[in-house]
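Okay, structure first, notes after.
A note on names: the letters A, B, ... follow the listed sequences, proteins ahead of strands, and every chain is numbered from 1. Atoms considered below: every heavy atom in the structure, side chains included; atoms not considered: hydrogens, waters and symmetry mates.
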There are 2 protein chains.
Amino acid sequence: MSALSDSASPLYEKVKDFVLANIGSGKWAQNARLPSENDLVNSLGVSRMTVHRALRELTSEGHLRRVQGVGTFVAPPKAQSTLIEVSNIINEIRDRGGKHRAGVILLERVEHPTAAIIDAFEFDRVKPVDHSLVVHFENDVPVQLEERYVNPALVPHYLDQDFTSIATLEYLQRCTPLTEVEHLISAVPAGPEQARLLQMPERDSCLVLHRKTWTGATVATVNTFTHVGSRYSLGSRYRPTHKPA
Amino acid sequence: MSALSDSASPLYEKVKDFVLANIGSGKWAQNARLPSENDLVNSLGVSRMTVHRALRELTSEGHLRRVQGVGTFVAPPKAQSTLIEVSNIINEIRDRGGKHRAGVILLERVEHPTAAIIDAFEFDRVKPVDHSLVVHFENDVPVQLEERYVNPALVPHYLDQDFTSIATLEYLQRCTPLTEVEHLISAVPAGPEQARLLQMPERDSCLVLHRKTWTGATVATVNTFTHVGSRYSLGSRYRPTHKPA
DNA sequence: GAGTGAAACATGTATATACATGCCATGTCA
DNA sequence: TGACATGGCATGTATATACATGTTTCACTC
């Protein structure tokens, strides 16, 4: 009566698979109540701690909902909102097997930023920020215009970095341990400057990713990644129940 | 020598907090090796199972990396790739406090789909699919054009649904338990048809979200959500380390 | 009939124990 | 000096036991 698969995986994984199979087949419908831990102990022939671990992990993965003293229930599917992964352009190009090249357009300390930048950094008075503007090429075709404003209080030598390599990103990360990120994806027509730098027709569509990061309570970086719409898209594939191979 | 906070939270949570505090303060740097489980047992005065659970959960949350027989290490920050949440338009409008209205443009059973659709559904021969085209309005301004192809083998009465309410989505979800999703975000200029339905100038930028879902190994739905670039953007805010309240 | 208390049952946590599995350094033997 | 065996140590899993905590039910009392 074990009902557990006989592969080499650990017992608690088999219990998880058993539960997921019953959910997937529809035998245990949405919001249905599962057998109690003790029931599963008796029917599956494993200890309660093992069952408990399996159910606890399935709960933290969003498959189950547990209420102390009441029972375990099949969680409603989390399909309507799904996650999309955003990577950085250098790794992305490299993962595709393409050749990456970065062209530095601008690299400056801005002593008197615009009101919009001061506002974005949540400064209470005028403070200098570092500003970089880099074009990323994939196989010598421009794909991304990366504009970044950095808080010099957190990143001492940002402008001294080597902007053609990924080391800049790692330096940034080391200086600004991430506590919060804000993303905004939008589609806008290319302005004259963007069209020139990205070698695309003016007013053609761009996919723009805004990204703002915090370290503690202070704004660390404000980024704008502009992509040529006809050459770039953001994608992800997601398996809610499957495990990675 | 407990070094653990004295709040009311469970012991394993205190151990997790203790570890996170040491990482956050920089005392344990990136890739540094943590004390072994037995060391923590001795210094914190809890059992090894409790330490083990804390370290296991921190590993699954991405804070640590563990190698059997070797040790436990501080994981590199997972900042470069971040997640963006995509919701559905009806909830989104409602959450903003706006008024939602849906206009059904088309509702049909397609007996002979185009080659592109057959390919997208991974059909081995010509099979009928259901097709819907709906415009979503926020305060009577069109914001999204929703085109959906549905596999009738999985969703028996898709065309009979009430397309002006969110019940359609729930019916879809019930018929097609999600096993896999694929997303693709791109920016494209509006074509004549899209410009007309979305009441926007032709060739203006659109933010397009493609979404393809599987149930088991069969393709369940193929969706295209087209948004007016100047009226819509996708956003998210993310706290990597903080716990939900 | 309403309220109360206790039992029964559910999940949650903590521990001790045992063994499995994987890696590495050390030492021995050729 | 090199190859190999082995012991030590690290994490990984499984179990039995105990108690904590929260919910429901049901019988008993007023």
CD of B/Glu57 versus P of C/dA14: gap in Å, rounded?
11 Å
Return the value, rounded to whole Å, for the distance between atom CG of B/Asn42 and atom C1' of C/dA16.
15 Å
Side-chain ion pair, A/Glu146 and A/Arg211, N-O less than 4.0 Å
no
If only side-chain N and O atoms of A/Tyr12 are considered, is one of them under 4.0 Å from the OP1 or OP2 phosphate oxygen of D/dT13?
yes
Quick check for you: among D/dT15, D/dG12, C/dT11, whose closest atom lies nearest to any side-chain atom of A/Glu37?
C/dT11
Any A/Ser36 side-chain nitrogen or oxygen under 4.0 Å from OP1 or OP2 of C/dC9
no
Between A/Arg66 and A/Glu37, does any NZ, NE, NH1 or NH2 come within less than 4.0 Å of an OD or OE carboxylate oxygen?
yes
Over how many whole Å does the gap from A/Leu11 atom CG to C/dA20 atom P extend?
14 Å
Counting only side-chain nitrogens and oxygens, does B/Arg53 get under 4.0 Å of the OP1 or OP2 atom of C/dA14?
no
Below 4.0 Å: OP1/OP2 of C/dT15 and any side-chain N or O of B/Arg48:
no
Rounded interatomic separation in angstrom, taking CZ from A/Arg66 and C1' from C/dT11
6 Å
Touch class at under 4.0 angstrom, heavy-atom based, for A/Arg33 against every strand present
sugar-phosphate
Expressed in angstrom and rounded to an integer, what is the separation of A/Arg56 atom CZ from D/dA14 atom P?
13 Å
What is the distance from CG of A/Leu44 to P of D/dA14, rounded to the nearest Å?
13 Å
For atom CZ of A/Arg65 and atom P of D/dT23, their distance in whole Å
14 Å
Do A/Asn38 and A/Ser36 have side-chain atoms, one donor and one acceptor, less than 3.5 Å apart?
no
Which residue lies toward the 5' end of DNA chain D, B/Pro35 or B/Met49, if each is placed at its nearest nucleotide?
B/Pro35
Taking the side chain of A/Gln68 as heavy atoms from C-beta outward, which of C/dA14, D/dA14, C/dT11 is closest to it?
C/dT11
Identify, between B/Leu55 and A/Pro10, the residue whose nearest nucleotide on DNA chain D lies closer to the 5' end.
B/Leu55
Are OP1 or OP2 of D/dT11 and a side-chain N or O of B/Thr72 less than 4.0 angstrom apart?
yes
Looking at D/dT15, C/dC23, D/dT13, which one has an atom nearest to any side-chain atom of B/His52?
D/dT13
In whole Å, what is the span from the CG atom of B/Asn38 to the P atom of D/dG8?
15 Å
Below 30° counts as parallel, above 60° as perpendicular, anything between as tilted: where do the rings of B/Phe18 and B/Trp28 land?
perpendicular
Only one of B/Asn31, B/Leu58, B/Asn22, B/Leu34 clears side chain to side chain contact (heavy atoms under 4.5 Å, CB included) with B/Val74; which?
B/Leu34
